[in-house]
Amino acid sequence: MSVFLEYARRGRNAWWRYLLTLVLAFTLAIAAGLAVIALLDVLNLLPADFADQVQNPGRPVAFFTANGVIFAVIIAGLAIAARLVQAKRFADLLGAWSWRGFARGAAIWTAVLCLAALIDFAIAPQGFRLSADARTPSLIAIALPMLAVQTFAEEFLFRGYVTQGLLLATKRVWAAALISGLLFGALHIPNGGPQAASAAAFGVVMAFVAIRTGGIAFTWGLHLANNLFGAVVVVSGGDVFHNTPGLITQTTPHLMWWDAGVGVAALAAVAVLVARGIAAPRA
């Protein structure tokens, strides 16, 4: 964890600065978001059903664009706040960067997701249907860049900023990873028990992987693959991306806890491979 810890130690790290940075970051993000909405309103670019569109995955351009903008202002707010309050640079929160690590994370998890989908299909083939339609090309075009922003923001915040602070405070890899993961899972409670449990396990392992690899490159690649697969390739009828015109729709509510268990097992395998330096070089 020496490389990750070296990045974490940069800047000013008094505990109150972390709290102040988060408050300032989200204040800036909210202000920027409201400014964007106000500008669009002044230019008469907001449709009458704007609120409905941005909450409806069945309207992929509006839904994913709004999603991307929200997380973009969070990235900007955190980067600015961390610089002003803690003298931390953007690169300090990224940690050791490797595009090869990013690609490995994406490739490994894409393979896991394909295998998991095939297992589900073998168990319940009647729960799968082809769902691509005329909206699918626009979904593919908008989902990739917007989900790249969304997943980067979550890695930047949770596996970058938060996990760095927790490792400095606890001096224990698994303690920092566990707390970081539980915080990440808590944000997914509104999505239901299975998804919150999966998100918590995901957050714990991603924090561990970030610490072991020295940064968030591998975890961002894995996270982007996870969300892109769920939004475009095999869309779950019970997921946040339900109703998106993906290639395949899976409606198997009776497999929700099974899928959560398979996901946790796969994440554990990734953690073991990273710990042994097989899936990604240890920093």
Side-chain angles (χ1 to χ4, degrees), residues 1 3-5 7-8 71 74-75 78 93-113 116 147-170 172-189 191 194-231 239-240 259-283:
M1 68 177 183
V3 173
F4 191 86
L5 195 55
Y7 279 95
F71 283 96
I74 291 174
I75 294 169
L78 179 57
L93 302 182
L94 295 183
W97 188 260
S98 166
W99 283 109
R100 180 177 294 181
F102 170 86
R104 283 180 176 175
I108 289 171
W109 201 244
T110 297
V112 168
L113 292 171
L147 287 177
V149 174
Q150 180 244 318
T151 52
F152 179 83
E154 292 185 350
E155 294 306 312
F156 188 63
L157 172 60
F158 283 96
R159 265 63 75 179
Y161 185 75
V162 171
T163 302
Q164 283 187 2
L166 289 171
L167 187 62
L168 286 174
T170 65
R172 297 288 186 273
V173 172
W174 279 112
L178 180 61
I179 298 170
S180 177
L182 291 176
L183 291 173
F184 187 68
L187 293 182
H188 292 77
I189 290 175
N191 297 333
Q195 290 195 28
S198 295
F202 185 90
V204 170
V205 172
M206 290 303 97
F208 171 78
V209 170
I211 293 170
R212 283 290 186 174
T213 59
I216 66 172
F218 185 96
T219 62
W220 180 34
L222 190 154
H223 198 165
L224 176 57
N226 183 77
N227 287 24
L228 193 60
F229 191 91
D239 190 74
V240 67
D259 290 338
V262 169
V264 170
L267 287 167
V270 170
V272 171
L273 292 175
V274 169
R276 295 182 177 180
I278 298 173
R282 289 176 293 180

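Predicted model only: the values in this text are computed from it and were never measured.
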Inset, instruction - State, with a plain yes or no, whether a side-chain heavy atom of Phe4 is found less than 4.5 Å away from one of Val173. - result: no

Of all heavy-atom pairs linking Val3 and Ala96, the shortest is CG1-CB, 4.0 Å

Output for pair (Thr151 OG1, Phe71 CZ), nearest 0.5 Å, gives 9.5 Å

So CD of Gln150 and CD1 of Ile75: to nearest 0.5 Å the spacing works out to 9.5 Å

Separation between CG (Leu167) and CZ (Arg172), nearest 0.5 Å, reads 10.0 Å

Please check this pair: side chain of Trp220 against backbone of Gly105, looking for a donor-acceptor N/O pair closer than 3.5 Å.
no

Correct closest heavy-atom pair for Leu168 and Leu5 would be CD2-CD1, 3.8 Å

Worksheet item: Side chains of Leu178 and Phe208: closer than 4.5 Å at any heavy-atom pair?
Response: no

Exercise. May I have the step-by-step check of side-chain contact (heavy atoms from CB on, under 4.5 Å) for Leu187 and Leu183, ending in yes or no?
Key: CA-CA 7 Å; Leu187 293 182; Leu183 291 173; over 6 Å; no

Between Ala176 and Leu166, the two heavy atoms sitting closest are O-CD1, 3.7 Å

To the nearest 0.5 Å, atom CD of Glu154 lies from atom NE2 of His223 at 4.5 Å

Output for pair (Arg159 CZ, Phe202 CZ), nearest 0.5 Å, gives 6.0 Å

Tightest non-hydrogen contact, residues Leu113 and Ala225, listed as CD1-O, 3.7 Å

- [ ] In sequence, state the C-alpha distance, the side-chain angles, and the governing distance for Val270 and Trp109, and then conclude on side-chain contact (heavy atoms from CB on, under 4.5 Å).
- [x] CA-CA 9 Å; Val270 170; Trp109 201 244; 4.0 Å; yes

Note to self: Walk me through whether Val209 and Arg212 qualify under side-chain contact (heavy atoms from CB on, under 4.5 Å).
What the structure shows: CA-CA 5 Å; Val209 170; Arg212 283 290 186 174; 5.7 Å; no

Check your understanding: What orientation do Phe156 and Phe152 show, parallel under 30°, tilted 30 to 60°, or perpendicular over 60°?
Key -> parallel

Correct closest heavy-atom pair for Ala201 and Leu267 would be C-CD1, 3.9 Å

CZ (Phe102) and CD1 (Ile216) are apart, to the nearest 0.5 Å, by 10.5 Å

What one should report as the nearest heavy-atom pair of Ala199 and Phe184 is O-CD2, 3.2 Å

